[in-house]
There are 2 protein chains.
Amino acid sequence: MPIGFNQEDIQKLDAVVATRRRVKQGDNLFSNGDSFTSLFAIRTGFFKTCVSTADGREQVTGFQMAGEIIGLDGIVSDYHSCNAVALEDAEVCVMPFANVEDLSREFPQLQRHVHKIMSREIVRENSVMMLLGNMRAEERLAAFLLNLVQRLHARGFSQSELTLRMSREEIGSYLGMKLETVSRAFSKFSDEGIIEVKQRYVRIIEPDALKKIFDPQTCT
Amino acid sequence: MPIGFNQEDIQKLDAVVATRRRVKQGDNLFSNGDSFTSLFAIRTGFFKTCVSTADGREQVTGFQMAGEIIGLDGIVSDYHSCNAVALEDAEVCVMPFANVEDLSREFPQLQRHVHKIMSREIVRENSVMMLLGNMRAEERLAAFLLNLVQRLHARGFSQSELTLRMSREEIGSYLGMKLETVSRAFSKFSDEGIIEVKQRYVRIIEPDALKKIFDPQTCT
DNA sequence: AATTGGCTTTGATGCAAGTCAAACGATGGT
DNA sequence: ACCATCGTTTGACTTGCATCAAAGCCAATT
(Lines give C-alpha, C1' and ligand atoms only; values in the text may rest on other atoms or scores of the structure.)
Protein backbone atom coordinates (compact mmCIF):
# COMPACT_ATOMS: atom_id res chain seq x y z
CA MET A 1 0.00 0.00 0.00
CA PRO A 2 1.20 3.47 -0.83
CA ILE A 3 2.05 5.96 1.84
CA GLY A 4 0.37 9.30 2.51
CA PHE A 5 -2.90 8.17 4.06
CA ASN A 6 -4.24 8.92 7.50
CA GLN A 7 -5.78 6.39 9.84
CA GLU A 8 -9.29 7.04 8.63
CA ASP A 9 -8.38 6.70 4.98
CA ILE A 10 -6.69 3.41 5.61
CA GLN A 11 -9.86 1.95 7.05
CA LYS A 12 -11.73 2.89 3.93
CA LEU A 13 -9.01 1.51 1.76
CA ASP A 14 -9.39 -1.86 3.43
CA ALA A 15 -12.65 -1.97 1.58
CA VAL A 16 -10.89 -2.72 -1.69
CA VAL A 17 -10.03 -6.16 -0.40
CA ALA A 18 -13.11 -8.29 -0.50
CA THR A 19 -11.67 -11.60 0.63
CA ARG A 20 -8.54 -13.64 0.69
CA ARG A 21 -8.00 -16.73 -1.30
CA ARG A 22 -5.59 -19.61 -0.99
CA VAL A 23 -4.13 -21.21 -4.06
CA LYS A 24 -2.36 -24.54 -3.92
CA GLN A 25 0.89 -25.16 -5.73
CA GLY A 26 0.14 -26.00 -9.34
CA ASP A 27 -3.37 -24.55 -9.28
CA ASN A 28 -4.47 -21.63 -11.42
CA LEU A 29 -5.48 -18.41 -9.75
CA PHE A 30 -7.17 -17.58 -13.03
CA SER A 31 -7.02 -18.94 -16.55
CA ASN A 32 -7.16 -17.66 -20.07
CA GLY A 33 -10.80 -16.97 -20.88
CA ASP A 34 -11.99 -16.58 -17.27
CA SER A 35 -14.13 -13.52 -16.84
CA PHE A 36 -12.33 -10.68 -15.14
CA THR A 37 -13.69 -9.23 -11.94
CA SER A 38 -10.76 -8.69 -9.63
CA LEU A 39 -7.12 -7.88 -9.32
CA PHE A 40 -5.07 -9.97 -6.93
CA ALA A 41 -2.39 -8.82 -4.53
CA ILE A 42 -0.02 -11.62 -3.62
CA ARG A 43 0.35 -11.97 0.15
CA THR A 44 2.48 -15.08 0.15
CA GLY A 45 3.72 -17.48 -2.48
CA PHE A 46 5.02 -17.24 -6.00
CA PHE A 47 3.24 -17.21 -9.35
CA LYS A 48 3.95 -17.41 -13.03
CA THR A 49 1.75 -15.91 -15.72
CA CYS A 50 1.76 -17.41 -19.18
CA VAL A 51 0.05 -17.24 -22.54
CA SER A 52 -0.18 -20.03 -25.07
CA THR A 53 -0.78 -20.45 -28.78
CA ALA A 54 -3.41 -22.64 -30.35
CA ASP A 55 -0.77 -25.24 -31.12
CA GLY A 56 0.24 -25.54 -27.49
CA ARG A 57 3.40 -23.49 -27.31
CA GLU A 58 3.62 -21.68 -24.01
CA GLN A 59 5.29 -18.40 -23.14
CA VAL A 60 5.84 -17.44 -19.53
CA THR A 61 5.23 -13.69 -19.42
CA GLY A 62 6.30 -13.10 -15.84
CA PHE A 63 7.06 -14.37 -12.36
CA GLN A 64 5.33 -12.61 -9.47
CA MET A 65 6.09 -12.63 -5.77
CA ALA A 66 4.63 -11.27 -2.54
CA GLY A 67 3.47 -7.68 -2.80
CA GLU A 68 2.96 -7.75 -6.55
CA ILE A 69 -0.34 -7.40 -8.38
CA ILE A 70 -1.67 -9.80 -11.00
CA GLY A 71 -4.70 -9.77 -13.21
CA LEU A 72 -4.14 -6.50 -15.07
CA ASP A 73 -4.46 -8.33 -18.38
CA GLY A 74 -8.16 -8.80 -17.72
CA ILE A 75 -9.18 -5.15 -17.63
CA VAL A 76 -9.20 -4.46 -21.34
CA SER A 77 -11.70 -7.05 -22.43
CA ASP A 78 -13.32 -8.16 -19.17
CA TYR A 79 -11.79 -11.57 -19.43
CA HIS A 80 -8.33 -12.85 -18.73
CA SER A 81 -5.95 -13.48 -21.59
CA CYS A 82 -3.35 -15.42 -19.65
CA ASN A 83 -3.01 -18.06 -16.97
CA ALA A 84 -1.73 -17.36 -13.49
CA VAL A 85 -0.30 -20.48 -11.88
CA ALA A 86 0.90 -20.82 -8.30
CA LEU A 87 4.46 -22.17 -8.20
CA GLU A 88 4.10 -22.75 -4.48
CA ASP A 89 1.19 -22.65 -2.04
CA ALA A 90 0.03 -19.07 -2.01
CA GLU A 91 -2.44 -16.62 -0.55
CA VAL A 92 -3.80 -13.59 -2.36
CA CYS A 93 -6.01 -10.63 -1.55
CA VAL A 94 -8.97 -10.47 -3.90
CA MET A 95 -9.62 -6.88 -4.94
CA PRO A 96 -12.78 -6.54 -7.01
CA PHE A 97 -11.88 -4.10 -9.73
CA ALA A 98 -15.12 -2.18 -9.28
CA ASN A 99 -14.01 -1.39 -5.72
CA VAL A 100 -10.61 -0.32 -6.94
CA GLU A 101 -12.15 2.05 -9.44
CA ASP A 102 -14.69 3.45 -6.97
CA LEU A 103 -12.10 4.16 -4.32
CA SER A 104 -9.64 5.49 -6.89
CA ARG A 105 -12.09 8.23 -7.65
CA GLU A 106 -12.26 9.09 -3.99
CA PHE A 107 -8.55 8.86 -3.22
CA PRO A 108 -6.19 10.44 -5.75
CA GLN A 109 -3.30 8.71 -4.01
CA LEU A 110 -4.82 5.33 -4.74
CA GLN A 111 -5.61 6.37 -8.28
CA ARG A 112 -2.01 7.35 -8.82
CA HIS A 113 -0.85 4.09 -7.28
CA VAL A 114 -2.97 2.02 -9.65
CA HIS A 115 -1.67 3.95 -12.64
CA LYS A 116 1.90 3.42 -11.52
CA ILE A 117 1.41 -0.30 -11.10
CA MET A 118 0.12 -0.59 -14.65
CA SER A 119 2.85 1.62 -16.05
CA ARG A 120 5.49 -0.37 -14.17
CA GLU A 121 4.22 -3.53 -15.82
CA ILE A 122 4.43 -1.90 -19.25
CA VAL A 123 8.00 -0.80 -18.59
CA ARG A 124 8.94 -4.24 -17.30
CA GLU A 125 7.58 -5.85 -20.43
CA ASN A 126 9.56 -3.38 -22.51
CA SER A 127 12.75 -4.60 -20.93
CA VAL A 128 11.74 -8.23 -21.42
CA MET A 129 11.27 -7.43 -25.09
CA MET A 130 14.81 -6.08 -25.12
CA LEU A 131 16.00 -9.28 -23.49
CA LEU A 132 14.20 -11.52 -25.95
CA GLY A 133 14.98 -9.47 -29.01
CA ASN A 134 18.60 -8.50 -28.54
CA MET A 135 20.38 -10.57 -25.95
CA ARG A 136 22.14 -13.88 -26.06
CA ALA A 137 21.41 -16.81 -23.79
CA GLU A 138 23.92 -16.02 -21.06
CA GLU A 139 23.00 -12.34 -20.97
CA ARG A 140 19.36 -13.31 -20.52
CA LEU A 141 20.07 -15.61 -17.64
CA ALA A 142 22.37 -13.08 -15.97
CA ALA A 143 19.72 -10.39 -16.23
CA PHE A 144 17.09 -12.77 -14.94
CA LEU A 145 19.10 -13.76 -11.87
CA LEU A 146 20.00 -10.17 -11.06
CA ASN A 147 16.39 -9.09 -11.35
CA LEU A 148 15.13 -11.93 -9.17
CA VAL A 149 17.67 -11.43 -6.42
CA GLN A 150 17.10 -7.69 -6.45
CA ARG A 151 13.37 -8.12 -5.96
CA LEU A 152 13.93 -10.67 -3.21
CA HIS A 153 16.41 -8.38 -1.51
CA ALA A 154 13.81 -5.60 -1.52
CA ARG A 155 11.63 -8.02 0.48
CA GLY A 156 14.27 -8.63 3.10
CA PHE A 157 15.90 -11.73 1.66
CA SER A 158 19.57 -12.23 0.93
CA GLN A 159 21.10 -10.43 -2.02
CA SER A 160 23.40 -13.31 -2.78
CA GLU A 161 21.38 -16.45 -2.18
CA LEU A 162 18.05 -17.61 -3.55
CA THR A 163 15.97 -20.67 -4.10
CA LEU A 164 14.33 -20.78 -7.48
CA ARG A 165 10.63 -21.45 -7.41
CA MET A 166 10.48 -22.43 -11.05
CA SER A 167 11.92 -25.20 -13.20
CA ARG A 168 14.60 -24.82 -15.87
CA GLU A 169 11.87 -25.21 -18.44
CA GLU A 170 9.87 -22.31 -16.99
CA ILE A 171 12.94 -20.11 -16.86
CA GLY A 172 13.60 -21.06 -20.46
CA SER A 173 10.07 -20.25 -21.49
CA TYR A 174 10.33 -16.82 -19.89
CA LEU A 175 13.72 -16.12 -21.47
CA GLY A 176 12.93 -17.54 -24.89
CA MET A 177 15.29 -20.49 -24.72
CA LYS A 178 15.14 -24.24 -24.20
CA LEU A 179 15.65 -25.85 -20.82
CA GLU A 180 18.92 -27.43 -21.94
CA THR A 181 20.29 -24.03 -22.86
CA VAL A 182 19.29 -22.69 -19.45
CA SER A 183 21.07 -25.60 -17.82
CA ARG A 184 24.20 -25.06 -19.86
CA ALA A 185 24.29 -21.39 -18.99
CA PHE A 186 23.97 -22.23 -15.30
CA SER A 187 26.82 -24.73 -15.65
CA LYS A 188 28.96 -22.20 -17.46
CA PHE A 189 28.47 -19.55 -14.77
CA SER A 190 29.20 -22.20 -12.16
CA ASP A 191 32.40 -23.34 -13.91
CA GLU A 192 33.53 -19.74 -14.06
CA GLY A 193 32.98 -19.36 -10.34
CA ILE A 194 30.37 -16.65 -10.81
CA ILE A 195 27.61 -18.55 -9.09
CA GLU A 196 27.16 -21.74 -7.12
CA VAL A 197 24.25 -23.90 -8.25
CA LYS A 198 22.76 -26.90 -6.55
CA GLN A 199 19.46 -27.73 -8.18
CA ARG A 200 17.22 -24.79 -7.41
CA TYR A 201 19.50 -23.25 -4.87
CA VAL A 202 21.68 -20.49 -6.33
CA ARG A 203 24.35 -18.45 -4.62
CA ILE A 204 25.73 -15.45 -6.43
CA ILE A 205 29.46 -15.30 -5.78
CA GLU A 206 30.41 -12.54 -8.20
CA PRO A 207 27.47 -10.18 -8.75
CA ASP A 208 29.71 -7.81 -10.70
CA ALA A 209 30.61 -10.55 -13.13
CA LEU A 210 26.90 -11.13 -13.74
CA LYS A 211 26.31 -7.43 -14.28
CA LYS A 212 29.18 -7.39 -16.73
CA ILE A 213 27.71 -10.24 -18.73
CA PHE A 214 24.36 -8.52 -18.77
CA ASP A 215 25.75 -5.17 -19.80
CA PRO A 216 29.41 -5.34 -20.86
CA GLN A 217 29.73 -1.62 -21.54
CA THR A 218 28.81 0.19 -18.35
CA CYS A 219 30.53 -2.31 -16.07
CA THR A 220 34.18 -2.17 -17.07
CA MET B 1 -12.83 8.85 -27.41
CA PRO B 2 -15.13 6.39 -25.70
CA ILE B 3 -18.86 6.50 -26.19
CA GLY B 4 -21.52 7.12 -23.59
CA PHE B 5 -21.10 10.81 -22.94
CA ASN B 6 -23.63 13.54 -23.40
CA GLN B 7 -22.96 16.89 -25.06
CA GLU B 8 -22.09 18.63 -21.83
CA ASP B 9 -19.65 15.94 -20.75
CA ILE B 10 -17.87 16.07 -24.04
CA GLN B 11 -17.14 19.74 -23.60
CA LYS B 12 -15.56 19.06 -20.25
CA LEU B 13 -13.58 16.19 -21.69
CA ASP B 14 -12.05 18.51 -24.22
CA ALA B 15 -10.22 19.95 -21.25
CA VAL B 16 -7.87 16.97 -21.12
CA VAL B 17 -6.25 18.16 -24.31
CA ALA B 18 -4.03 21.10 -23.53
CA THR B 19 -2.50 21.69 -26.91
CA ARG B 20 -1.54 20.05 -30.11
CA ARG B 21 1.96 19.46 -31.22
CA ARG B 22 3.53 18.75 -34.57
CA VAL B 23 6.44 16.37 -34.84
CA LYS B 24 8.56 16.18 -37.96
CA GLN B 25 9.60 12.87 -39.44
CA GLY B 26 12.66 11.60 -37.60
CA ASP B 27 12.13 13.82 -34.56
CA ASN B 28 11.48 12.49 -31.09
CA LEU B 29 8.16 13.21 -29.45
CA PHE B 30 9.91 12.32 -26.20
CA SER B 31 13.15 10.60 -25.29
CA ASN B 32 14.44 8.27 -22.64
CA GLY B 33 15.06 10.33 -19.52
CA ASP B 34 12.67 13.16 -20.39
CA SER B 35 10.46 14.09 -17.50
CA PHE B 36 6.93 12.81 -17.88
CA THR B 37 4.03 15.21 -17.82
CA SER B 38 1.66 14.19 -20.56
CA LEU B 39 0.23 11.38 -22.56
CA PHE B 40 -0.06 11.87 -26.29
CA ALA B 41 -2.90 10.88 -28.57
CA ILE B 42 -1.79 10.51 -32.15
CA ARG B 43 -3.96 12.52 -34.53
CA THR B 44 -2.00 11.90 -37.67
CA GLY B 45 1.27 10.20 -38.47
CA PHE B 46 3.09 7.12 -37.37
CA PHE B 47 5.51 6.49 -34.50
CA LYS B 48 7.86 3.89 -33.18
CA THR B 49 8.83 3.53 -29.54
CA CYS B 50 12.16 1.98 -28.62
CA VAL B 51 14.46 1.27 -25.72
CA SER B 52 18.22 0.86 -25.90
CA THR B 53 20.99 -0.70 -23.87
CA ALA B 54 24.11 1.04 -22.66
CA ASP B 55 26.09 -0.57 -25.45
CA GLY B 56 23.81 0.86 -28.10
CA ARG B 57 21.61 -2.06 -29.03
CA GLU B 58 18.11 -0.89 -29.81
CA GLN B 59 14.80 -2.66 -29.42
CA VAL B 60 11.69 -1.28 -31.05
CA THR B 61 8.89 -1.93 -28.57
CA GLY B 62 6.00 -0.86 -30.74
CA PHE B 63 4.62 0.99 -33.73
CA GLN B 64 1.76 3.41 -33.12
CA MET B 65 -0.71 4.98 -35.50
CA ALA B 66 -3.53 7.53 -35.45
CA GLY B 67 -5.87 7.12 -32.51
CA GLU B 68 -3.35 5.36 -30.31
CA ILE B 69 -1.89 6.67 -27.07
CA ILE B 70 1.81 6.90 -26.26
CA GLY B 71 3.71 7.90 -23.18
CA LEU B 72 2.33 5.36 -20.71
CA ASP B 73 5.86 4.27 -19.85
CA GLY B 74 6.44 7.58 -18.09
CA ILE B 75 3.79 7.25 -15.42
CA VAL B 76 5.63 4.90 -13.10
CA SER B 77 8.72 6.98 -12.44
CA ASP B 78 7.74 10.43 -13.74
CA TYR B 79 10.24 10.21 -16.53
CA HIS B 80 10.14 8.41 -19.82
CA SER B 81 12.03 5.16 -20.23
CA CYS B 82 11.82 4.94 -23.99
CA ASN B 83 12.05 7.07 -27.11
CA ALA B 84 9.09 7.90 -29.31
CA VAL B 85 10.19 8.72 -32.85
CA ALA B 86 7.95 10.00 -35.65
CA LEU B 87 8.30 7.80 -38.73
CA GLU B 88 6.44 10.41 -40.74
CA ASP B 89 5.33 13.97 -40.09
CA ALA B 90 2.81 13.76 -37.29
CA GLU B 91 0.47 15.68 -35.08
CA VAL B 92 -0.46 14.70 -31.54
CA CYS B 93 -2.81 15.90 -28.84
CA VAL B 94 -0.94 16.70 -25.67
CA MET B 95 -2.88 15.47 -22.65
CA PRO B 96 -1.28 16.55 -19.39
CA PHE B 97 -1.55 13.53 -17.16
CA ALA B 98 -2.75 15.61 -14.23
CA ASN B 99 -5.78 16.58 -16.31
CA VAL B 100 -6.38 12.97 -17.22
CA GLU B 101 -6.32 11.95 -13.58
CA ASP B 102 -8.52 14.83 -12.44
CA LEU B 103 -11.17 14.20 -15.05
CA SER B 104 -10.96 10.44 -14.51
CA ARG B 105 -12.15 10.99 -10.99
CA GLU B 106 -15.09 12.96 -12.28
CA PHE B 107 -16.02 10.66 -15.16
CA PRO B 108 -16.01 6.94 -14.44
CA GLN B 109 -16.30 6.33 -18.18
CA LEU B 110 -13.04 8.10 -18.78
CA GLN B 111 -11.44 6.33 -15.84
CA ARG B 112 -12.44 2.99 -17.29
CA HIS B 113 -11.16 4.04 -20.69
CA VAL B 114 -7.73 4.92 -19.32
CA HIS B 115 -7.51 1.61 -17.51
CA LYS B 116 -8.43 -0.27 -20.64
CA ILE B 117 -5.81 1.51 -22.69
CA MET B 118 -3.12 0.54 -20.22
CA SER B 119 -4.37 -3.02 -19.96
CA ARG B 120 -4.50 -3.31 -23.73
CA GLU B 121 -0.88 -2.31 -23.92
CA ILE B 122 0.04 -4.97 -21.35
CA VAL B 123 -1.81 -7.61 -23.32
CA ARG B 124 -0.21 -6.47 -26.56
CA GLU B 125 3.22 -6.77 -25.02
CA ASN B 126 2.35 -10.24 -23.78
CA SER B 127 1.71 -11.32 -27.31
CA VAL B 128 4.94 -9.73 -28.53
CA MET B 129 6.75 -11.74 -25.88
CA MET B 130 5.13 -14.84 -27.34
CA LEU B 131 6.32 -13.81 -30.79
CA LEU B 132 9.87 -13.17 -29.66
CA GLY B 133 10.13 -16.18 -27.41
CA ASN B 134 8.46 -18.91 -29.38
CA MET B 135 8.06 -18.10 -33.03
CA ARG B 136 10.30 -18.44 -36.03
CA ALA B 137 11.18 -15.66 -38.42
CA GLU B 138 8.39 -16.23 -40.93
CA GLU B 139 5.76 -16.63 -38.27
CA ARG B 140 6.84 -13.34 -36.74
CA LEU B 141 6.61 -11.47 -40.01
CA ALA B 142 3.25 -13.01 -40.86
CA ALA B 143 1.86 -12.01 -37.47
CA PHE B 144 3.30 -8.54 -37.87
CA LEU B 145 1.75 -7.97 -41.28
CA LEU B 146 -1.64 -9.29 -40.20
CA ASN B 147 -1.62 -7.09 -37.14
CA LEU B 148 -0.65 -3.99 -39.10
CA VAL B 149 -3.21 -4.46 -41.82
CA GLN B 150 -5.91 -5.23 -39.28
CA ARG B 151 -5.23 -1.99 -37.42
CA LEU B 152 -5.16 -0.04 -40.67
CA HIS B 153 -8.39 -1.63 -41.79
CA ALA B 154 -10.03 -0.56 -38.53
CA ARG B 155 -9.10 2.99 -39.57
CA GLY B 156 -10.75 2.71 -42.92
CA PHE B 157 -7.80 1.64 -45.03
CA SER B 158 -7.59 -1.38 -47.25
CA GLN B 159 -7.35 -4.78 -45.68
CA SER B 160 -5.10 -6.05 -48.41
CA GLU B 161 -2.75 -3.19 -49.24
CA LEU B 162 -0.43 -1.13 -47.10
CA THR B 163 2.60 1.07 -47.27
CA LEU B 164 5.10 0.37 -44.54
CA ARG B 165 6.19 3.39 -42.62
CA MET B 166 9.27 1.70 -41.23
CA SER B 167 12.48 0.23 -42.63
CA ARG B 168 13.42 -3.44 -42.75
CA GLU B 169 15.80 -2.76 -39.91
CA GLU B 170 13.04 -1.32 -37.73
CA ILE B 171 10.77 -4.24 -38.48
CA GLY B 172 13.64 -6.53 -37.60
CA SER B 173 14.30 -4.74 -34.36
CA TYR B 174 10.67 -5.07 -33.37
CA LEU B 175 10.56 -8.75 -34.30
CA GLY B 176 13.93 -9.70 -32.88
CA MET B 177 15.62 -10.46 -36.17
CA LYS B 178 18.17 -8.90 -38.52
CA LEU B 179 17.13 -6.81 -41.48
CA GLU B 180 18.47 -9.42 -43.90
CA THR B 181 16.25 -12.03 -42.34
CA VAL B 182 13.26 -9.72 -42.68
CA SER B 183 14.10 -9.17 -46.31
CA ARG B 184 14.44 -12.89 -46.96
CA ALA B 185 11.10 -13.59 -45.33
CA PHE B 186 9.46 -10.95 -47.51
CA SER B 187 11.06 -12.49 -50.59
CA LYS B 188 9.92 -15.96 -49.57
CA PHE B 189 6.30 -14.84 -49.12
CA SER B 190 6.53 -13.05 -52.43
CA ASP B 191 7.94 -16.12 -54.23
CA GLU B 192 5.12 -18.18 -52.79
CA GLY B 193 2.56 -15.72 -54.13
CA ILE B 194 1.27 -14.89 -50.67
CA ILE B 195 2.11 -11.22 -50.89
CA GLU B 196 3.35 -8.73 -53.43
CA VAL B 197 6.20 -6.54 -52.26
CA LYS B 198 7.65 -3.47 -53.90
CA GLN B 199 9.90 -1.71 -51.45
CA ARG B 200 7.59 -0.50 -48.73
CA TYR B 201 4.41 -1.22 -50.58
CA VAL B 202 2.86 -4.56 -49.64
CA ARG B 203 -0.24 -6.21 -51.04
CA ILE B 204 -1.59 -9.25 -49.26
CA ILE B 205 -2.77 -11.69 -51.88
CA GLU B 206 -3.49 -14.70 -49.66
CA PRO B 207 -4.41 -13.55 -46.16
CA ASP B 208 -5.35 -17.10 -45.21
CA ALA B 209 -1.90 -18.34 -46.10
CA LEU B 210 -0.43 -15.73 -43.78
CA LYS B 211 -2.77 -16.75 -40.99
CA LYS B 212 -1.77 -20.34 -41.52
CA ILE B 213 1.91 -19.52 -41.21
CA PHE B 214 1.24 -17.54 -38.09
CA ASP B 215 -0.87 -20.24 -36.49
CA PRO B 216 -0.76 -23.53 -38.41
CA GLN B 217 -3.19 -25.31 -36.09
CA THR B 218 -6.40 -23.32 -36.07
CA CYS B 219 -6.28 -22.53 -39.79
CA THR B 220 -6.35 -25.89 -41.46
C1' DA C 1 17.12 -50.49 0.38
C1' DA C 2 15.02 -50.51 -3.98
C1' DT C 3 11.82 -48.40 -7.29
C1' DT C 4 9.53 -44.83 -9.59
C1' DG C 5 9.07 -40.49 -11.75
C1' DG C 6 10.29 -35.79 -12.41
C1' DC C 7 13.86 -32.65 -13.11
C1' DT C 8 18.54 -31.67 -14.56
C1' DT C 9 22.93 -32.23 -16.75
C1' DT C 10 25.85 -33.36 -20.53
C1' DG C 11 27.21 -34.81 -25.19
C1' DA C 12 26.66 -35.19 -30.30
C1' DT C 13 24.61 -33.34 -34.25
C1' DG C 14 21.68 -30.28 -37.22
C1' DC C 15 19.56 -26.15 -38.61
C1' DA C 16 17.68 -21.41 -38.57
C1' DA C 17 19.22 -17.19 -38.36
C1' DG C 18 23.28 -14.15 -37.99
C1' DT C 19 27.39 -12.22 -40.25
C1' DC C 20 30.03 -10.59 -44.00
C1' DA C 21 30.09 -8.92 -48.47
C1' DA C 22 28.69 -7.36 -52.87
C1' DA C 23 25.42 -5.66 -55.99
C1' DC C 24 21.13 -3.46 -56.90
C1' DG C 25 17.50 0.14 -56.53
C1' DA C 26 15.41 4.19 -55.15
C1' DT C 27 15.72 9.04 -53.79
C1' DG C 28 17.38 13.62 -53.43
C1' DG C 29 20.80 17.20 -54.28
C1' DT C 30 23.88 19.69 -57.38
C1' DA D 1 21.36 13.93 -66.05
C1' DC D 2 24.60 12.65 -62.89
C1' DC D 3 26.32 11.27 -58.56
C1' DA D 4 26.10 10.27 -53.68
C1' DT D 5 23.61 8.19 -50.22
C1' DC D 6 20.73 5.20 -48.07
C1' DG D 7 17.89 1.21 -47.93
C1' DT D 8 17.17 -3.35 -49.82
C1' DT D 9 18.15 -7.76 -51.83
C1' DT D 10 20.83 -11.79 -52.49
C1' DG D 11 24.64 -15.10 -51.90
C1' DA D 12 28.23 -17.63 -49.24
C1' DC D 13 29.63 -18.88 -44.97
C1' DT D 14 29.51 -19.17 -39.75
C1' DT D 15 27.53 -19.85 -35.38
C1' DG D 16 24.57 -20.10 -31.37
C1' DC D 17 21.01 -22.43 -29.98
C1' DA D 18 17.71 -26.29 -30.72
C1' DT D 19 17.13 -31.04 -31.07
C1' DC D 20 17.86 -35.72 -29.98
C1' DA D 21 19.50 -38.90 -26.79
C1' DA D 22 21.37 -40.85 -22.72
C1' DA D 23 22.64 -40.76 -18.13
C1' DG D 24 22.59 -38.68 -13.44
C1' DC D 25 20.38 -36.80 -9.37
C1' DC D 26 16.90 -36.22 -5.89
C1' DA D 27 12.63 -36.98 -3.34
C1' DA D 28 8.78 -39.58 -2.50
C1' DT D 29 6.85 -44.22 -2.10
C1' DT D 30 6.85 -49.07 -1.26
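This one's a predicted model, so the numbers in the text were calculated from it and none came from an experiment. Here is the naming used below: chain letters follow the sequence lines, and residue numbers restart at 1 for every chain.
For B/Glu169 and D/dT8, the CD to P distance is 9 Å, given to the nearest whole Å. Between the CG atom of A/Leu141 and the P atom of D/dC17 there is a distance of 12 Å, given to the nearest Å. One atom, CG of A/Leu132, and another, C1' of D/dC17, lie 14 Å apart when rounded to the nearest Å. Protein atom CZ of B/Phe186 is 15 Å distant from nucleotide atom P of C/dA17, rounded to whole Å. Atom P of nucleotide D/dG7 and atom CG of B/Leu164 are separated by 15 Å, given to the nearest angstrom. Between the C1' atom of D/dC6 and the CD atom of B/Gln199 lies a distance of 11 Å, rounded to the nearest Å. Remark: P of C/dA16 and CG of B/Asn134 are 17 Å apart, rounded to the nearest angstrom. Look at CE on B/Met177: it is 15 Å from C1' on C/dT19, rounded to the nearest Å.
Side-chain N or O atoms of B/Thr61 include none that pairs as donor or acceptor with a backbone N or O of A/Asn126 at under 3.5 Å. Checked by atom type and distance alone, the side chain of B/Arg140 pairs as donor or acceptor with a backbone atom of B/Leu175 at under 3.5 Å.
Using a 4.0 Å heavy-atom criterion, one finds that A/Arg140 contacts no nucleic acid atom at all. Among the heavy atoms of the strands lying under 4.0 Å from A/Gly176 are primed sugar atoms or P, OP1, OP2 only; no base atom is included. Here A/Ser183 lies in heavy-atom contact (under 4.0 Å) with a base. Across all strands, A/Arg136 comes closer than 4.0 Å only to sugar-phosphate atoms, never to a base (heavy-atom distances). Using a 4.0 Å heavy-atom cutoff across all strands shown, A/Arg200 reaches sugar-phosphate atoms only and no base atom.
The base of C/dG11 sits within donor-acceptor range of the side chain of A/Arg184, with an N or O pair under 3.5 Å.
Closest contact between the side chain of A/Lys178 and the listed nucleotides D/dT19, D/dT9, C/dT8 involves D/dT19.
A/Tyr174 and A/Phe63 have their aromatic ring centers within a separation under 6.0 angstrom.
Between A/Ser167 and C/dG6 there is no side-chain N or O to OP1 or OP2 distance below 4.0 Å. Side-chain N/O atoms of A/Ser187 include none lying less than 4.0 angstrom from OP1 or OP2 on C/dT9. Contact annotation: B/Arg168 reaches the phosphate of D/dT9 (side-chain N/O to OP1 or OP2, under 4.0 Å).
To the nearest 0.5 Å, atom OG1 of residue A/Thr163 and atom CD of residue A/Glu88 are 10.0 Å apart.
For the pair B/Ile70 and B/Thr49, the minimum side-chain heavy-atom distance is below 4.5 Å.
Two residues, A/Glu138 and A/Lys198, neighbour DNA chain D, and the one matched to the more 5' nucleotide by heavy-atom proximity is A/Glu138. Toward the 5' end of DNA chain D, the nearer of the two residues A/Glu180 and B/Met166, judged by each one's closest nucleotide, is B/Met166.
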